[in-house]
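The structure appears right after this line, and notes come after that.
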Amino acid sequence: MSLKVIGAGFGRTGTASLKNALELIGYGPCYHMTEVFGHPEHIPLWERVIQGDLNRLETILADYVSSCDWPACTFYEALIATNPDAKVILTVRDPEKWYESVRTTIYASSTRPRGDAPVDPVRTAQGRMVGQLIWQGEFRGRFEDKAYAIDVFNGHNEAVKQTVPADKLLVFDVKQGWEPLCAFLGAPVPDEPFPRVNDRDSFLAMVSGEPPEQA
């Protein structure tokens with residue numbers, strides 16, 4: 001199975017809502033970070049990808065119609081190369097609000113002390129992969145430098161816009177709802193409201209005492 005939609009936006013730009021929306025209009029299953037946590041056997045494969053073995057992407061995503069969020073968004077160019085007919089969606093958000101959301105959710109849950117909590121090998125592996133990909137990979141160990149992190153975020157978005165042909169790219173704020181997404185994909189607009197999931201409060205409730213999940 002080849003990908004029909006590639007999400008290129010960073011986590012905390014509404015990617016969980018996009019995942020749900022894509023699945024509702026026939027572009028599922030969609031690969032999101034939550035899939036990693038549901039499939040721990042993917043963790044060593046992603047570690048291979050992070051180390052440069054991009055061929056593993058095909059193995060990981062073989063059963064998926066679309067992708068969004070980390071870890072897949074980091075490798076959007078490789079995914080485009082192997083899925084040349086796919087359309088690309090860049091989810092965007094106000095950079096200041098994006099940074100605050102990541103800082104208080106993904107980053108906070110990644111870096112808080114574990115105390116006397118029992119060691120879970122799977123969760124440890126998940127945390128290691130997230131650290132390699134996001135904090136050390138995307139942000140070079142400098143996420144706490146707000147200006148630098150926002151520069152990385154903005155730079156990534158501009159690179160996507162420069163890389164993807166305009167007729168294959170939707171720059172999408174999930175607040176826009178169904179209309180631009182469905183028009184871009186040629187899908188009918190559902191009768192139900194556009195999904196609004198994984199806000200900061202629900203994220204923090206979900207990962208209380210657990211390693212991070214992405215939004």
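No hydrogens, no waters, no symmetry mates; every other heavy atom, side chains included, goes into these values.
- Summarising the geometry, atom CD belonging to E77 is positioned 7.0 Å from atom CD1 belonging to I80; distances are rounded to the nearest 0.5 Å.
- Within the model, atoms OG1 of T13 and CG of D94 stand 12.5 Å from one another, a figure rounded to the nearest 0.5 Å.
- With W178 contributing its side chain and E192 its backbone, the two residues share a donor-acceptor pair below 3.5 Å.
- The distance from the OG1 atom of T15 to the CG atom of L22 is 10.5 Å, given to the nearest 0.5 Å.
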Checking side chain to side chain contact (heavy atoms under 4.5 Å, CB included) for the pair F75/W70: CA distance, chi angles, key distance, verdict? CA-CA 9 Å; F75 306 99; W70 283 307; over 6 Å; no
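- Residues H39 and Y31 have side chains that never bring a donor and an acceptor to within less than 3.5 angstrom of each other.
- Under the 4.0 Å criterion applied to side-chain N and carboxylate O atoms, R103 and E144 are not assigned as salt-bridge partners.
- Under the 3.5 Å distance criterion, the side-chain polar atoms of W98 are matched with a main-chain donor or acceptor of G11.
- In plain terms, the two heavy atoms of P44 and P40 that are nearest each other are CD-O, 3.6 Å.
- Residues A125 and I43 share a closest heavy-atom pair of O-CG2, 3.7 Å.
- Rounding to the nearest 0.5 Å gives a distance of 10.5 Å between NE2 of H42 and CE of M129.
- The shortest distance between side-chain heavy atoms of L181 and I25 falls below 4.5 Å.
- Rounding to the nearest 0.5 Å gives a distance of 5.5 Å between NZ of K168 and CG of D85.
- The shortest side-chain heavy-atom distance between T82 and L57 does not fall under the 4.5 Å cut-off.
- Remark: K97 does not engage E100 in a salt bridge, criterion side-chain N to carboxylate O under 4.0 Å.
- Ring centroids of H156 and Y76 are separated by less than 6.0 Å, placing the two rings close together.
- In this model, no donor atom of one side chain and acceptor atom of the other lie less than 3.5 Å apart for R48 and Q51.
- The two residues L79 and S67 have their closest heavy-atom pair at CD1-OG, 4.0 Å.
- The shortest distance between side-chain heavy atoms of E96 and I150 falls below 4.5 Å.
- Y99 pairs in a ring-ring contact (aromatic ring centres under 6.0 Å, His included) with only one of the listed residues (F10, F139, F143), which is F143.
- Residues F194 and A21 come closest through the heavy atom pair CE1-CB, 3.6 Å.
- Between V65 and V5 the shortest side-chain heavy-atom distance does not fall below 4.5 Å.
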Give the intermediate values and the outcome of side chain to side chain contact (heavy atoms under 4.5 Å, CB included) for residues L170 and L90. CA-CA 6 Å; L170 174 66; L90 174 65; over 6 Å; no
Evaluate R128 against E47 for side chain to side chain contact (heavy atoms under 4.5 Å, CB included), listing each step before the verdict. CA-CA 9 Å; R128 182 179 65 243; E47 290 179 327; 2.8 Å; yes
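- A86 and I6 make their closest contact through CB-CD1, 3.7 Å (heavy atoms, listed as atom of the first residue, atom of the second, distance).
- Taking 4.5 Å as the limit, every side-chain heavy atom of F184 sits out of range of all side-chain heavy atoms of D167.
- For residues 22-41, the set of pairs meeting the salt bridge (charged side-chain N to carboxylate O under 4.0 Å, His left out) definition, not counting sequence neighbours, comprises K19-E23, K19-E35.
- In this structure, R56 contributes its side chain and I50 its backbone to no donor-acceptor pair below 3.5 Å.
- In this structure, the ring of F37 has its center no less than 6.0 angstrom from the ring center of H32.
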Verdict with supporting geometry, C68 and C73, side chain to side chain contact (heavy atoms under 4.5 Å, CB included): CA-CA 6 Å; C68 66; C73 68; over 6 Å; no
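- Residues L18 and I89 form a side-chain contact, since some pair of their non-hydrogen atoms from C-beta on lies under 4.5 Å apart.
- In this structure, the side chain of D173 does not engage the main chain of Q176 through any donor-acceptor pair within 3.5 Å.
- Two residues are said to be in side-chain contact when any heavy atoms from C-beta on lie closer than 4.5 Å; S66 and K4 fail this criterion.
- Counting only heavy atoms from C-beta outward, the side chains of N83 and L61 never approach each other to under 4.5 Å.
- Of the possible polar contacts, none joining the T91 side chain to the F172 backbone as a donor-acceptor pair under 3.5 Å is found.
- Using modelled atom types, one finds a donor on one side chain and an acceptor on the other under 3.5 Å when comparing T74 with E138.
- Atom CG of residue N157 and atom CD of residue Q162 lie 12.0 Å apart, to the nearest 0.5 angstrom.
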